[in-house]
Amino acid sequence: MQSARLVIALQKKGRLSDDSISLLQRCGLKLLSSKSSLFYSAQNLPIDLLLVRDDDIPALIRDKVCDLGIIGENVLHEQENPSEEFVFEKVKKLGFGKCRLSIAVPKEVDFSDVTSLIDRKIATSYPNILQKFLKENKIEARVVTISGSVEIAPRLKMSDAICDLVSTGRTLEENNLKEVQVVLESQAVMIKSRGALSFEKNKTLEILLRRMEGVMQAQESKYILFHAPKSAIPEIRKLLPGSESPTIISLAECDDKVAVHVVSREAVFWDTLEKLREAGASAILVLPVEKMML
Ligand code: PRP
Ligand code: ZN
């Protein structure tokens, strides 16, 4: 009999691993913390985690070793075989691990547009995505596939340009390269195979997705409280960022002032608070929201 536990593949070490585990923990999964282990079992939900190399995640799902995986869109698209394009389904974009796959050239090189790449050698660990990009732009160039340290290829005269992941841009800076063309924007996504899950697994997935949505919403959201003159409320409402209808509560022994409570679904910046204050608000508190279920 097939196990009813949902198996999720995660990156063991690298740019997504800490955030992936932390997201699942914030979704309430109690994990046994044996760091050396490649296998975690949640104590309070029928979910198991398999920690692997990110490049192996699509194959593990394709082979039905795992039901789901958390992976960068860069890895997913690199491995997506056009003939089996519909093997994977993106279940949810997770909002972390944001980076881009970009073409970069040595700083001193003139680059006007993609045609500057014609007949050039480009080193990359993402040959499929790059070839597709070149084809779409009708550029004939040579793609040199190397598996790591792509950024040193121009210095070693292995290539004229590179196509690699950029997040802070520090790696490019350190290697005297400049980013000239974004090829793909990427972030962490949860994927599954297109085939249907069993009834039990699907139920677990629904719970998990609802909690992930709650965690992601809560992360952005703030609970704002303040006092304000009744007469200022219309103007103040216009200033509140991404908020729903506020709760207005009367204050004891005070007829002209009210307390306002509101959940903002966006970050709240200092200048918003300053404008609220100018509009008459006082005693303004901004609190983080821990959990949210809509
Ligand atoms: C990528 C890329 C660069 C670095 C860029 O490697 O190959 O080395 O990140 O990031 P930065 O713009 O913040 O400097 P990654 O750590 O993802 O390792 P991998 O490509 O070997 O998986
Ligand atoms: Zn990798």
Side-chain angles (χ1 to χ4, degrees), residues 8-24 35-36 38 40 49-62 65-66 68-81 88 90 92-109 111 114 117 120-134 141-191:
I8 310 178
L10 307 181
Q11 187 185 37
K12 179 179 154 57
K13 213 172 120 244
R15 71 170 64 232
L16 302 184
S17 43
D18 290 350
D19 287 342
S20 304
I21 290 272
S22 141
L23 172 62
L24 292 169
K35 253 278 171 187
S36 60
L38 299 181
Y40 285 69
L49 307 180
L50 204 56
L51 274 65
V52 296
R53 284 195 46 205
D54 58 350
D55 313 70
D56 293 336
I57 292 175
L60 288 168
I61 295 175
R62 198 186 287 118
V65 178
C66 299
L68 301 162
I70 294 180
I71 193 179
E73 288 172 300
N74 53 308
V75 176
L76 177 64
H77 292 307
E78 180 60 24
Q79 295 204 17
E80 247 168 359
N81 180 340
F88 301 107
K90 282 187 195 175
K92 191 168 184 54
K93 294 204 182 209
L94 300 176
F96 63 84
K98 287 194 177 160
C99 59
R100 51 205 186 270
L101 186 65
S102 288
I103 294 173
V105 297
K107 278 185 181 162
E108 62 280 3
V109 169
F111 184 98
V114 282
L117 295 168
R120 300 282 164 207
K121 266 197 228 170
I122 312 169
T124 189
S125 320
Y126 294 86
N128 295 330
I129 298 176
L130 177 58
Q131 294 280 17
K132 190 165 166 240
F133 173 82
L134 293 172
R142 262 188 67 197
V143 174
V144 182
T145 304
I146 44 182
S147 59
S149 305
V150 172
E151 61 276 5
I152 61 169
R155 216 183 320 143
L156 300 179
K157 306 276 177 252
M158 286 169 69
S159 73
D160 305 296
I162 65 166
C163 174
D164 199 15
L165 291 185
V166 182
S167 63
T168 60
R170 204 169 65 209
T171 305
L172 294 186
E173 190 58 44
E174 283 169 0
N175 289 278
N176 196 41
L177 298 166
K178 59 180 178 190
E179 184 178 4
V180 291
Q181 173 73 47
V182 176
V183 173
L184 176 86
E185 303 265 1
S186 176
Q187 62 173 285
V189 286
M190 184 148 83
I191 58 168

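Both ligands and their constituent atoms are indexed starting at 1 by order of listing.
- A 4.5 Å side-chain heavy-atom check between Ile70 and Phe96 finds at least one atom pair inside the cut-off.
- Considering backbone and side-chain N/O of Ser167, one or more are found under 3.5 Å from N/O of ligand 1.
- Of the residues Val189, Leu16, Asp54, the one that meets the side-chain contact (heavy atoms from CB on, under 4.5 Å) test with Val75 is Asp54.
- Checked by distance only, ligand 1 and Thr171 come closer than 3.5 Å through their nitrogen or oxygen atoms.
- Counting only distance, with no hydrogens or angles, the side chain of Lys13 and the backbone of Leu51 share no donor-acceptor pair below 3.5 Å.
- The closest approach between any non-hydrogen atom of Val150 and ligand 1 is not below 4.0 Å.
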Per-pair distances, 0.1 Å, donor-acceptor, side chain in residues 151-162, under 3.5 Å, sequence neighbours excluded:
from	atom 1	to	atom 2	distance (Å)
Arg155	NH2	Asn175	OD1	2.5
Ser159	OG	Ala161	O	2.8
Asp160	OD2	Lys121	N	2.8

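- Between Gly169 and ligand 1, at least one N/O pair is under 3.5 Å apart.
- Taking a cut-off of under 4.0 Å to the non-hydrogen atoms of Val166, the atoms of ligand 1 that pass are 12 (O).
- Every atom of ligand 1 with a heavy atom of Thr168 under 4.0 Å away is listed here by number and element: 11 (P), 12 (O), 13 (O), 14 (O).
- The heavy-atom pair separating Val143 from Leu134 by the smallest distance is CG2-CD1, 3.7 Å.
- Remark: ligand 1 atoms within the under-4.0 Å shell around heavy atoms of Asp164 are 2 (C), 3 (C), 7 (O).
- Here Glu108 pairs with nothing under the salt bridge (Lys or Arg N to Asp or Glu O under 4.0 Å) rule; sequence neighbours left out.
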